[in-house]
2 protein chains.
Amino acid sequence: METPYTDRYICIMKFTPRSEETRQFIIESTAAVFNTKGYAGTSLSDLTEATQLTKGSIYGNFENKEEVALAVFDYTIAHRDKIIAKAQQKSVTNKDKLLAYVAIFGSEHSGDFIKGGCPLLNAGTEADDTFEPLRKKVNKAIIDWKKEIESILQAGIAAKEFNKNILPEKTALSIMALIEGGILLSKTTNKPAYLNTVLDSVKDMIDAISRE
Amino acid sequence: METPYTDRYICIMKFTPRSEETRQFIIESTAAVFNTKGYAGTSLSDLTEATQLTKGSIYGNFENKEEVALAVFDYTIAHRDKIIAKAQQKSVTNKDKLLAYVAIFGSEHSGDFIKGGCPLLNAGTEADDTFEPLRKKVNKAIIDWKKEIESILQAGIAAKEFNKNILPEKTALSIMALIEGGILLSKTTNKPAYLNTVLDSVKDMIDAISRE
DNA sequence: AATGTTATATACCAATCGGTATATGAATGT
DNA sequence: ACATTCATATACCGATTGGTATATAACATT
């Protein structure tokens with residue numbers, strides 16, 4: 001006699017333990033810690049302090065510190081994606097979609113993101129030589145972002161918003177570099193204005209590729 | 001009866017111990033470690049391993065790990081400054097001086113720098129929230145670099161190499177952001193070509209401000 | 001109400017952390 | 001040749017690291 005459950009259903013049961021909320025709680029309450037102190041700089045006691053849980057509770061939901069860090073990075077990127085999507089859904093033209101980046105990353109919106117600055121910058125610089133699984137995740141996030149900008153540029157070319165001679169990859173990479181570099185300069189000098197100045201160059205770049 | 005030594009001479013003796021070479025040796029042999037693993041990620045045993053010296057020897061020349069890290073950062077920046085100065089001394093025009101940056105930071109010259117990538121990027125991202133003395137040093141290095149580029153731009157305006165309407169601060173910050181952002185993108189994706197593409201945008205920017 | 005299950009907490013572990021007190025050995029001055 | 005100075009090495013320290021085995025308590029099932 002067959003069971004009424006499909007394999008798939010059983011699978012879902014198996015991976016939906018009651019502690020799923022706790023897992024999420026741990027991720028959300030430690031995201032800011034990892035993003036400010038970095039992976040190496042964040043200790044287990046930082047995690048117990050931030051969550052007010054015990055080590056046993058954390059290790060009941062994660063295999064080790066590394067798994068927490070990786071899950072936290074996913075969460076931080078998802079959070080970032082939401083902010084971007086929300087800002088862009090108001091945009092009608094492709095140019096507006098690009099300009100949404102300028103608006104989002106401006107210093108006055110810094111409070112919207114997880115504390116500690118851009119996770120691409122933070123995790124990227126730390127992971128590139130020392131934490132390959134995280135580096136791979138950052139790599140994917142960067143490639144995804146690049147593709148998204150390139151899509152906007154190509155759609156804009158098709159819609160005759162942008163000059164057809166522009167190079168989408170080069171433009172996308174340059175916009176991304178300006179934003180990330182601008183964040184670095186403003187954070188380390190404690191001068192939010194520096195980021196806004198660099199973002200103004202991004203705006204110039206967007207204007208320059210727009211058909212006149 | 002007076003001693004034949006002046007106060008100044010005595011002072012020099014006092015601060016020129018035999019171990020000055022060892023101190024320098026420690027700095028030079030641990031620079032790459034700090035630049036790749038970061039401050040939090042570098043342990044005392046990393047330092048003894050890199051130097052093949054003992055803990056006692058290191059602590060005989062530095063007060064603590066922090067002092068080693070700060071001295072290493074100074075050394076790394078000095079090394080960077082030398083590379084830049086050397087590349088620029090061949091330049092005759094101010095435009096060439098700016099283009100020297102494009103050449104230096106190109107992927108084919110990455111071997112010239114201390115291993116681990118740009119110290120401004122590495123130390124900057126780690127220090128901004130957790131290591132104020134280092135953050136101050138990174139801050140100074142960034143401000144100095146900014147001033148240097150601004151000087152070149154202003155000299156170029158005076159020499160009628162650059163358009164007189166350009167904004168030196170904005171241009172300097174944007175060039176710096178492109179370079180640092182480009183390094184981040186290429187390092188985390190393992191695609192050196194990304195940096196070269198972004199550097200090409202720097203070149204475009206330099207061409208754009210040049211008088212035609 | 002009793003039982004089995006599962007999530008969290010407690011208590012403990014070896015290893016490593018940054019750092020120091022002391023011993024040793026090499027060069028220097030007399 | 002001897003004493004002194006000074007740099008490096010040895011040996012040790014308490015605290016903290018990441019991690020685990022076990023106990024406990026909450027929940028669900030019957």
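Note on naming: letters A, B, ... go to the chains in the order of the sequence lines (proteins, then strands), and numbering restarts at 1 for each one.
- Inspection of the A:D96 and A:T93 side chains reveals an N or O donor paired with an N or O acceptor under 3.5 Å.
- Side chain to side chain, B:N122 and A:T125 fail the donor-acceptor criterion of an N or O pair below 3.5 Å.
- Between the P atom of D:dC27 and the CD atom of A:E21 lies a distance of 11 Å, rounded to the nearest Å.
- Residues from residues 127-138 of chain A lying near DNA chain C, meaning a heavy-atom separation below 4.0 Å, are absent.
- The CG-P distance, from A:N61 to C:dT6, rounds to 14 Å in whole Å.
- Between A:R135 and A:D128 there is no salt bridge, since no side-chain nitrogen of the basic residue lies less than 4.0 Å from a carboxylate oxygen of the acidic one.
- Near-neighbour residues of DNA chain C inside residues 62-72 of chain B, defined by a heavy atom below 4.0 Å, number-ordered: B:N64, B:K65.
- Listed pair A:S57 / C:dA9 meets the phosphate criterion, a side-chain N or O lying under 4.0 Å from OP1 or OP2.
- At least one side-chain nitrogen or oxygen of B:Y59 sits closer than 4.0 Å to the OP1 or OP2 atom of C:dG19.
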Apply ring-ring contact (aromatic ring centres under 6.0 Å, His included) to the pair B:F34 and B:F73, showing each step before the final yes or no.
CA-CA 9 Å; B:F34 274 112; B:F73 181 78; over 10 Å; no
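- Residues B:K191 and B:S186 have side chains not in contact (no heavy-atom distance under 4.5 Å, counting atoms from C-beta outward).
- Remark: B:K65 qualifies as a cation-pi partner of B:Y39 under the 6.0 Å distance and 45° angle criteria applied to the six-membered ring.
- A:E66 pairs by the side chain to side chain donor-acceptor pair (under 3.5 Å) definition with nothing, not counting sequence neighbours.
- Nucleotide D:dT17 holds its P atom 13 Å from the CD1 atom of A:I58, rounded to whole Å.
- For DNA chain C, the residues of residues 25-56 of chain B within the heavy-atom distance limit of 4.0 Å (strictly under) are B:T42, B:S43, B:L44, B:S45, B:K55, sorted by number.
- When only modelled atom types and interatomic distance are considered, A:E67 and A:Y59 share no side-chain donor-acceptor pair under 3.5 Å.
- Evaluation of the salt bridge (charged side-chain N to carboxylate O under 4.0 Å, His left out) test over residues 70-94 of chain B, restricted to residues two or more places apart or in two chains, returns B:D74-B:K137.
- Judged as a salt bridge (charged side-chain N to carboxylate O under 4.0 Å, His left out), the pairs with a partner in residues 28-42 of chain B (not counting sequence neighbours) are, in order, B:K37-B:D46.
- Between A:N139 and B:T188, the side chains place no donor N or O within less than 3.5 Å of an acceptor N or O (distance only, hydrogens not considered).
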